[in-house]
Amino acid sequence: MPTPFLMPALSPTMEEGTLSKWLVKEGDTVSSGDIIAEIETDKATMEVEAVDEGTIGKIVVQEGTENVKVNDTIAIILDDGENANDIDAASMSAATSAPEIPGNMPAAQPTMATKPSFVSVPDIEIPDGTQMVETVVRDALRDAMAEEMRRDEDVFVMGEEVAEYQGAYKVTRDLLQEFGEQRVVDTPITEYGFAGLGVGAGFAGLKPIVEFMTWNFAMQAIDHVINSAAKTRYMSGGQMGCQIVFRGPNAAASRVGAQHSQDYSAWYGNVPGLIVIAPYSAADCKGLLKAAIRNPNPVVFLEHELLYGDKGDVPDMDDFVLPIGKAKVVRDGSDVTISTHSRGVFFALAAAEILADEGISAEVVDLRTLRPLDAETVINSVKKTNRLVTVEEGWAPFGVGSEIGWQVTQHAFDYLDAPPMRVTQEDTPLPYAANLEALSLPNAEKVVAAVKSVMYL
Amino acid sequence: MASADATTKKTNLSATKEELLTYYRDMLLIRRFEEKAGQLYGMGHIGGFCHLYIGQEAVVVGMEAVKQEGDQVITGYRDHGHMLACGMDPKGVMAELTGRVGGLSKGKGGSMHMFSSEKKFYGGHGIVGAQIPLGAGLAFANKYKNNGKVSLTYFGDGASNQGQVFEAMNMAQLWKLPVIFVIENNHYAMGTSVKRAHSETHLYRRGASFGIPGSEVDGMDILAVREAGRAAIEHARTGKGPFVLEIKTYRYRGHSMSDPAKYRTREEVDQVREHSDPIKKCEAYILDGGHATVEDLKAIDKELKQIIKEAADFSLESPEPQLSELYTDIYA
Ligand SMILES: Cc1ncc(C[n+]2csc(CCOP(=O)(O)OP(=O)(O)O)c2C)c(N)n1
Ligand SMILES: [Mg+2]
């Protein structure tokens, strides 16, 4: 049967074009790959190749014609042994019944797709009589890695100075001694490269823990964290993903200047496909890092250099693994909710002490996981206290506090007695001068002031 | 042992009848598939970016011929040929191009993003150069598991300028990872010719400063690719570390479907198609060797066209994904 040759779409946006020139005439034979016409699209003049072999039976649209719609028949190609008499109504109409271009179809009804809702999981039971061991955060993190590496041979650590040097912040202390250089891998200074290499190893079934000396340097590697790690499961229709933990210290240290002091909570919290954990206490650091290493998804694990030396009680249990995606009320209160994470918890708890002396009862929620976000715990707290202050070390615009504030106004608007307030880093690169640095970062006093403001005091 | 400056020796390139017919068939399948994809794009059934592999068929088919079961493959966005050569179902590939549920990624990946855990095909990556450390990571896993497999990591001449190439090559050589860096030098990165973008145009020397050997290969000759691929894979599989193959090839079509290709002349393209086409070359090996007749080859073509037609039909009949798919496959 004669084959209609249709006006092709030659760009993602083209709907019609000008048939500027025919390079063949009726009776010419063509084979696949031959240029047969020139077409002007919305962007450029393009050459059009024949796809099928045959003879040009009829030129339907003459050259010079403008506004030829995509998928209109512009010529008829005859097969071997056919001639012009075979061009009948059927072959002409084959084209007019060409299916709709998907791009022109009515927009899908988004209401049918439902976002899975977050289900809170309780923290694990700690059996009576469990001994609590005072541990510094750095060792809690180390122990988490060591325990998981003992448990699963596919878990390995890689990063700059993680092995022989024992970790730039000593978080990987003794791992080389116990697990050897096959599983504790010193990398060159090559964040982009080793982040990608880690993801590739994850695709192939290993469970890498990739340490960034600090998250500031992971900006070199963010393409692999987001484009390669977070999106592959989706793009592969669920076929392939990677079980990988990216971890290291995040946010301001002490007077290391603007390039070494950024808080990336909001950046990664923005990305579907990632799990983002930013714990405060030693026990949470351990229990959540163990959970992160076991989780089949890519996890961004944001630690804090200024917390590495902090002590806390860690239960001495065989398998202390905490649920990801569960906030924790770390101080009960009735007048105001302070929602925060990581080192912000320290400021919030200090502020709560000061406020208590003044007769104000603050409830402090440690988010612990930023994605999936346990907004429910914050919302329930605000329903009780009717006031909200958020605290984070990052910048305010588009930040974690913005998200929490939105969640609360969306779900507990009628409970609010005052607009929520955020305490954040000032909207500047972090200065080096001690006084300016202190001025820029959140602290307990700033939290106290914000609480008083939402209480109209 | 190959040195960083070795070029493919003109060895006695020969192959059996069965081998030649298989290569012919596999290359022609890719070509017919791509022609059909171009056509479906023109009809609006395929959207977005669509990068065709026409002209480069001998590269993947030649490498596939010397790959072992379980070896991994990873590449960029010009990936249809790699998937077909790996044995992925043309129906599933085509239906992914049309964004239908029957596609290999259920319609959620598109032309540039397809995967097959079964065939050890690790994508399909849209960021130029990203697949290079990912491929080194696959090789890292092979070494870690000591499983004897190698990773074939394909990328373009343009991609070979990315910084992460050098990061990955350094680690690959440092740790002696079993990875073959296959540079598909088709002479252009979109509209930029190799001459205009590379201070060193011999891309097989990309690994030279790391001590990685490399060789230059005629990518329009399936048997030359196979020979060079065999040596490179052998090098990697026997624990000697990575190898760089610069396979000289040519893409006939525009960079993507919307490329007017004004940066080269029609004569240049025609010249290659006339005189260096990899499928014609294979055809000549077959006919000169008396392995088959023109009619036999026509019959193969006919059979392939039928397979492609079925793939195209499937890709249009398969429904769009359920709206409930929007929120699946984000987390495991
Ligand atoms: C990081 C990045 N930069 C730019 C692009 C846009 N882009 C897509 S393909 C391409 C050219 C790449 O050419 P080459 O590596 O030679 O591969 P080929 O297309 O020839 O197969 C460019 C610039 C991209 N996808 N990713
Ligand atoms: Mg190129």
Side-chain angles (χ1 to χ4, degrees), chain A residues 6 8-12 32-33 35 41 43-46 49 51 70-71 98-99 101-103 108-110 112-116 156 182 187-188 190 192-206 223-224 227-228 232-241 272-273 275 296-297, chain B residues 35-36 38-39 41-45 47-49 72 74 99 103-109 113-117 122-127 130 132-138 140-142 144 163-164 167-168 170-171 174 252 257-258 260-261 266 273 316 320 323-324 326-332:
Chain A
L6 309 181
L10 296 166
S11 85
S32 101
I35 309 286
T41 73
K43 298 205 177 73
T45 304
M46 308 267 294
E49 293 181 8
V51 189
V70 164
N71 276 336
I101 301 168
Q109 294 297 311
M112 282 176 64
T114 44
K115 188 173 174 169
F156 72 99
Q182 148 113 342
T187 63
T190 188
Y192 198 5
F194 71 70
L197 194 147
V199 174
F203 286 165
L206 298 186
D223 177 54
H224 282 300
N227 271 320
S228 305
T232 294
R233 185 172 302 280
Y234 198 76
M235 296 193 303
S236 67
Q239 269 194 80
M240 202 174 280
I275 285 178
N297 297 291
Chain B
E35 286 168 353
K36 183 55 89 176
Q39 192 181 28
Y41 191 95
M43 295 167 79
H45 295 303
F49 289 126
Q72 303 121 322
I74 188 165
L104 287 161
S105 295
K106 299 193 250 174
K108 302 203 291 191
H113 308 297
M114 272 178 264
F115 306 80
S116 166
S117 31
Y122 289 85
H125 296 270
I127 304 299
I132 300 159
L134 294 171
L138 297 171
F140 181 94
N142 294 338
Y144 191 99
Q164 56 183 324
E167 302 194 15
N170 179 46
M171 287 184 284
L174 184 68
Y252 296 179
M257 292 305 296
S258 43
R266 189 69 213 171
R273 285 164 52 140
L316 297 176
E320 291 190 297
L323 297 185
S324 58
L326 183 64
Y327 276 106
T328 63
D329 306 321
I330 300 172
Y331 294 102

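Keep in mind that what you see is a predicted model, and the values were worked out from it rather than measured. To find a chain, count down the sequence lines: A is the first, B the second, and so on, and within it residues start at 1.
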Nearest heavy-atom pair of [X] and [Y]: which atoms, and what distance?
X: A:T190; Y: B:E167; value: OG1-OE1, 2.6 Å
X: B:G42; Y: A:V70; value: O-CG1, 3.8 Å
X: B:N170; Y: A:P188; value: ND2-CG, 3.5 Å
X: B:Q164; Y: A:Y192; value: NE2-OH, 2.6 Å
X: A:S236; Y: B:S105; value: CA-OG, 3.4 Å
X: A:R233; Y: B:Y331; value: CD-C, 3.7 Å

Side chain A:Q182, main chain B:Y144, donor-acceptor under 3.5 Å: yes
Test item: A:Y234 side-chain N/O and B:L326 main-chain N/O as donor-acceptor pair under 3.5 Å: yes
Chain A contact via B:L174 - which portion, at a heavy-atom distance below 4.5 Å: side chain
Residues forming a ring-ring contact (aromatic ring centres under 6.0 Å, His included) with B:F140, sequence neighbours excluded: A:F156, B:W175
Options A:P272, A:A201, A:G241, A:G202, ranked by heavy-atom pairs under 4.5 Å with chain B, top entry: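 Most pairs with chain B among the choices: A:A201.
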Among A:G205, A:A204, A:S228, A:G198, residue most engaged with chain B (heavy-atom pairs, under 4.5 Å):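 Heavy-atom pair counts peak at A:A204.
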Between [options], who has the most heavy-atom pairs with chain A when the cutoff is under 4.5 Å?
options: B:H125, B:K106, B:H113, B:M257; answer: B:H113
options: B:K36, B:M114, B:E35; answer: B:E35
options: B:A168, B:G109, B:G38; answer: B:G109
options: B:I74, B:N142, B:I127; answer: B:I127

Those residues that, when tested against B:T328, pass side chain to side chain donor-acceptor pair (under 3.5 Å) (two or more places apart):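 Once residues adjacent in sequence are excluded, the partners of B:T328 under the side chain to side chain donor-acceptor pair (under 3.5 Å) criterion are B:K108, B:E325.
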Could you grab the distance from atom [atom1] of [X] to atom [atom2] of [Y], nearest 0.5 Å is fine?
X: A:L197; Y: B:I132; atom1: CG; atom2: CD1; result: 12.5 Å
X: B:L134; Y: A:H224; atom1: CG; atom2: NE2; result: 5.0 Å
X: B:Y122; Y: A:M240; atom1: OH; atom2: CE; result: 5.5 Å

Per-residue contact mode, A:T41 against chain B (heavy atom under 4.5 angstrom): neither
